[in-house]
Participant: 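This is the structure, below, for whatever I ask next.
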Amino acid sequence: MAKKDDKIGDWHEIVRREYEKIAQQGGSCCGPSCCGTSGPSAYALGYEHADLEAVPDGVDMGLGCGNPTALAALRPGEVVLDLGCGPGLDVFIAAKKVGPTGRVIGVDMTAEMLAKARASARSFSEKTGLDNVEFRLGQIEHLPVADASVDVVISNCVINLSPDKQQVWREIARVLRPGGRVAVSDLALLRPLPEALRQSVEALVGCIAGAVLVDETKAMVQDAGLVDAVFQIHPEYVDRMAHWSDPVYKEVLEALPDGTRPSDYITSLYVTAVKPQAALTDQVKELIAIGASVSANCHPCVRYHVKKARDLGISDHQIRQAIEAGRMVRKGAAGQMDELIGQLFG
Ligand SMILES: C[S@@+](CC[C@H](N)C(=O)[O-])C[C@H]1O[C@@H](n2cnc3c(N)ncnc32)[C@H](O)[C@@H]1O
């Protein structure tokens, strides 16, 4: 069994070289799970016939372990980013869902995968009339994407392949706009793997040795500042992905204690989470307080909040706008009171 080098650069290089081969040969080296043409048909992972109909031939290489575009519930007009897009299966499906007013960006570090994806983009455009996909070469630990520019991040069976998963989650939080969401499928562990498997390069590229415990993923999502996180495990997908003739699958079976199955250890994991809306600044809070103080006719409150606003550097012009907003509320309330008194007393 080959030994896994701990260094991040070497890890990237090992993974990149294997996916280069898969892109060129149509794949063969990889695991029982997501990473190779021996993987499951997209149908086994819950993809809809209608979604697959529009995708170009050859982009479903059986490299996924879930269905992130369905999980994300994409809407027309959204900007979507697919981490580790490979030949582009989920990019093309997402592109149909977000339509001509939306956009989908796929990022992958393997140039040969992107070459396949870009070639497919041309036939996708001819078939659908859509011109809303873009592929960028880059690592998911350092995304070539601007801050707060994306509505939805998706990813399918890739984060387990990263040597720095915490950094990937930080990058997801950076590129999402406030209120944006992430929907990821990946492989994760239900319990630690035997050491022999953790050291196997084949199992790493096969999306197994690099996988971490579900609880570790939960901690990374939380540390990245994402909220409303939901984690769903699907060990049954691992059973569906199992190919007994696959060399990596055989290696996994041999390394596990007798009587146990890969799905006792490995699961497909769905993660959804949201980037919180930006908190109100102190300045905005003071302006709201001024408006509320005026509408409540509270003279000491107005004095207090106007002073605080000036201390925070808010201009008199903006303070007057807040006062005017409070006066309008007060005037409306006074008008309603006059009307009520009129109704009560004729
Ligand atoms: C298992 S395949 C999944 C491909 C695609 N998401 C799908 O479901 O068809 C993993 C892909 O992630 C890419 N990849 C792995 N590690 C990466 C990293 N650190 N940065 C960017 N891409 C990476 C590989 O080049 C490969 O194309």
Side-chain angles (χ1 to χ4, degrees), residues 69 71-81 94 97-105 132 134 143-154 169-184 218 220-230 271-346:
T69 52
L71 184 66
L74 299 173
R75 295 185 286 265
E78 288 187 314
V79 177
V80 179
L81 172 67
K97 291 183 191 286
V98 300
T101 55
R103 204 154 53 88
V104 187
I105 304 161
N132 60 350
E134 184 192 338
L143 287 166
V145 177
D147 294 357
S149 60
V150 167
D151 296 308
V152 189
V153 172
I154 58 171
W169 283 103
R170 273 192 227 112
E171 280 290 89
I172 291 172
R174 176 181 70 76
V175 300
L176 278 176
R177 64 159 178 76
R181 62 195 189 281
V182 53
V184 161
K218 286 183 183 172
M220 288 189 274
V221 171
Q222 197 182 357
D223 281 1
L226 299 170
V227 297
D228 298 337
V230 177
V271 182
T272 55
V274 174
K275 177 167 172 173
Q277 293 286 357
L280 295 181
T281 62
D282 288 348
Q283 281 87 345
V284 171
K285 282 187 208 155
E286 274 317 314
L287 290 169
I288 292 171
I290 290 169
S293 304
V294 170
S295 68
N297 203 25
C298 172
H299 293 209
C301 310
V302 173
R303 267 199 204 95
Y304 174 81
H305 288 294
V306 167
K307 177 177 180 322
K308 263 195 96 178
R310 283 183 171 145
D311 289 347
L312 286 169
I314 300 175
S315 70
D316 276 6
H317 174 69
Q318 284 179 306
I319 293 174
R320 277 202 214 97
Q321 283 183 317
I323 290 172
E324 191 47 38
R327 280 164 90 168
M328 277 164 57
V329 174
R330 194 171 161 69
K331 212 167 131 194
Q336 281 180 356
M337 183 60 75
D338 290 347
E339 208 176 292
L340 176 65
I341 292 169
Q343 283 169 9
L344 290 174
F345 299 100

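The model shown is predicted, which means the values in this text are computed figures rather than measured ones. Here, residue 1 is the first one in the sequence, and each next residue gets the next number.
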Participant: Between R181 (side chain) and A72 (backbone), is there a donor-acceptor pair under 3.5 Å?
Facilitator: yes
Participant: In a table with atom names and distances, give each donor-acceptor pair under 3.5 Å that connects a side chain of residues 326-345 to protein atoms at least two apart or in another chain.
Facilitator:
residue	atom	partner	partner atom	Å
R330	NH1	S295	O	3.4

Participant: Rounded to the nearest 0.5 Å, what separates atom CG in N132 from atom CD1 in I105?
Facilitator: 11.0 Å
Participant: Side chains of D223 and W169: does their closest heavy-atom pair fall under 4.5 Å?
Facilitator: no
Participant: Provide the closest heavy-atom pair for A273 versus V221 in the form atom of the first, atom of the second, distance.
Facilitator: CB-CG1, 4.1 Å
Participant: With rounding to the nearest 0.5 Å, note down the distance linking OG1 in T272 to CG in L226.
Facilitator: 10.5 Å
Participant: Can you find a heavy atom in the side chain of I288 that is under 4.5 Å from one in the side chain of L280?
Facilitator: yes
Participant: What residue pairs, at least two apart or across chains, pass disulfide (SG to SG under 2.5 Å) with a residue in residues 292-346?
Facilitator: C298-C301
Participant: Can you tell me if Q222 has over 12 outside heavy atoms packed within less than 6.0 Å of its CD?
Facilitator: no
Participant: In a table with atom names and distances, give each donor-acceptor pair under 3.5 Å that connects a side chain of residues 304-312 to protein atoms at least two apart or in another chain.
Facilitator:
residue	atom	partner	partner atom	Å
H305	ND1	E286	OE1	2.8
K307	NZ	D311	OD2	2.8
R310	NE	D316	OD1	3.0
R310	NH2	D316	OD1	3.4
R310	NH2	D316	OD2	3.2

Participant: Can you list everything that forms a salt bridge (Lys or Arg N to Asp or Glu O under 4.0 Å) with R103? Sequence neighbours excluded, please.
Facilitator: E134
Participant: I'd like to check the salt bridge (Lys or Arg N to Asp or Glu O under 4.0 Å) partners of R75; sequence neighbours left out, ordered by chain and number.
Facilitator: E78
Participant: What's the verdict on side-chain contact (heavy atoms from CB on, under 4.5 Å) for V182 and V271, showing C-alpha distance, side-chain angles and the deciding distance?
Facilitator: CA-CA 8 Å; V182 53; V271 182; 5.7 Å; no
Participant: How close do A278 and P178 get, heavy atom to heavy atom, and via which atoms?
Facilitator: N-CB, 3.7 Å
Participant: Do the side chains of T69 and L74 get nearer than 4.5 Å, heavy atoms only?
Facilitator: yes
Participant: Which pair of non-hydrogen atoms, one from V274 and one from G179, has the smallest distance, and what is that distance?
Facilitator: CG1-O, 4.0 Å
Participant: Between side-chain atoms of residues 170-177 and protein atoms elsewhere (two or more places apart, or another chain), which donor-acceptor pairs fall under 3.5 Å?
Facilitator:
residue	atom	partner	partner atom	Å
R170	NH1	Q167	OE1	2.8
E171	OE1	R174	NE	2.7
E171	OE2	L143	N	2.7
E171	OE2	R174	NH2	3.0
R174	NH1	V145	O	2.9
R174	NH1	D147	OD1	2.7
R174	NH2	L143	O	3.1
R174	NH2	V145	O	3.1
R177	NE	D151	OD1	2.5

Participant: Which heavy atom in V98 sits nearest to a heavy atom in T101, and how many Å separate them?
Facilitator: O-OG1, 3.9 Å
Participant: Roughly how far, to the nearest 0.5 Å, is CD1 of I319 from CG of L287?
Facilitator: 7.0 Å
Participant: Just how far is it from atom CD of Q321 to atom CD1 of I314, taken to the nearest 0.5 Å?
Facilitator: 11.5 Å
